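This report concerns only the one structure given below.
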Amino acid sequence: MDSVVSDVTELLEEEEQLQAWQTDRTRAPIATKIVVAGGFGVGKTTLVTAVSEIQPLQTEALMTRASEDTDDLSATPDKATTTVAMDFGRITLDDDLVLYLFGTPGQQRFWFMWDDLVRGAIGAVVLADTRRLSDCFPALDYFESCGLPYVVAVNHFDGSEEFEPDDVREALTVPPHVPVLVMDARRRISVIETLLSLVGHALDATPA
């Protein structure tokens, strides 16, 4: 009997956590896909994990000596794992707006997967680390070339020098119409603000 009561209690708790659109079939949400890109170790997995309302899917693998010559750990000496396929998470921003987040792998040897991850996306967040801004140039060039709306989010790391968004814009030659933000990928509210900025920018950039 105790087992049955426990099962029912767990079921009720799960139902309470469901969104309105998940229980009312007449309220189909707008599902949108967003890509999170940037250089190696810039915080993509952290961002997806911080904001996802479901257990995020991660494809983290332990780093081995085979990658020592290709993965620069000078700025992230404590990093022991790396994304080898993608990160996936979900966040509901409103009753009828659900964002599906796809984090791309940062190393050049995994760039061949970007075309598949970007397909169907409304926009992208390009994460930047001011200690190695050049690492995000490939992502910027990629999204510029394919015409996908994007925002630049400077992930501020503890102990790193702080720069104004305009300074980062100038250093990266980001066009004036593209939002440049300073955020903390570990803080949920900071990530949500970045995602809202991207959604707004994507809507403005999409022809009516």
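No experiment lies behind these values; they were computed from the predicted model shown.
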Ser145 side-chain N/O to Asp141 backbone N/O, donor-acceptor pair under 3.5 Å: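 Side chain of Ser145 to backbone of Asp141, a donor-acceptor pair under 3.5 Å: yes, one is there.
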
All N/O donor-acceptor pairs, side-chain side in residues 33-43, below 3.5 Å, sequence neighbours left out:
| residue | atom | partner | partner atom | Å |
| --- | --- | --- | --- | --- |
| Lys33 | NZ | Leu117 | O | 2.7 |
| Lys33 | NZ | Arg119 | O | 2.9 |

Under the side-chain hydrogen bond (donor to acceptor under 3.5 Å, both in side chains) definition, can you give me all pairs with a residue in residues 156-167, not counting sequence neighbours?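 Output for this query lists His156-Ser160, Asp158-Arg186.
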
How would you list all residue pairs meeting side-chain hydrogen bond (donor to acceptor under 3.5 Å, both in side chains) that involve residues 187-201, not counting sequence neighbours? none

Do you know the tightest heavy-atom contact between [X] and [Y]?
X: Phe137; Y: Ala171; result: CZ-O, 4.1 Å
X: Val178; Y: Tyr150; result: CG1-O, 3.2 Å
X: Leu133; Y: Val168; result: CD2-CG1, 4.4 Å
X: Ala185; Y: Ala50; result: O-CB, 3.3 Å
X: Ala124; Y: Leu148; result: CB-CD2, 4.0 Å
X: Val118; Y: Phe143; result: CG2-CE2, 3.9 Å

Report yes if the side chains of [X] and [Y] come closer than 4.5 Å at any heavy-atom pair, otherwise no.
X: Pro165; Y: Val154; answer: no
X: Met183; Y: Leu47; answer: yes
X: Ile192; Y: Leu93; answer: yes
X: Asp135; Y: Asp129; answer: no
X: Leu140; Y: Val152; answer: yes

Hey, which of Thr45, Thr46, Thr49, Thr104 is the one that makes side chain to side chain donor-acceptor pair (under 3.5 Å) with Asp87? Thr45

Val125 reachable from Leu196 in the ILVMFWY side-chain graph, under 4.5 Å edges: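 Yes; tracing contacts between hydrophobic side chains, which count when under 4.5 Å, links both residues.
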
Do Val126 and Val182 belong to the same hydrophobic cluster, where Ile, Leu, Val, Met, Phe, Trp and Tyr are linked whenever their side-chain heavy atoms lie under 4.5 Å apart, directly or via other members? yes

Residues passing the side-chain contact (heavy atoms from CB on, under 4.5 Å) test with Thr32, sequence neighbours excluded, are Ile30, Leu97, Leu99, Ile122

Residues forming a side-chain contact (heavy atoms from CB on, under 4.5 Å) with Pro176, sequence neighbours excluded: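 side-chain contact (heavy atoms from CB on, under 4.5 Å) list for Pro176, sorted by chain: empty.
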
How long is the span from the CG atom in Asn155 to the CG atom in Leu127, to the nearest 0.5 Å? 5.5 Å

Gap separating the CG atom of Asp115 from the OH atom of Tyr142, nearest 0.5 angstrom: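 If I round to the nearest 0.5 Å, the distance is 3.5 Å.
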
Taking only residues two or more places apart in sequence or in another chain, which ones pass ring pair (Phe, Tyr, Trp, His ring centres under 6.0 Å) with Phe102?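 Expected list: Phe88.
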
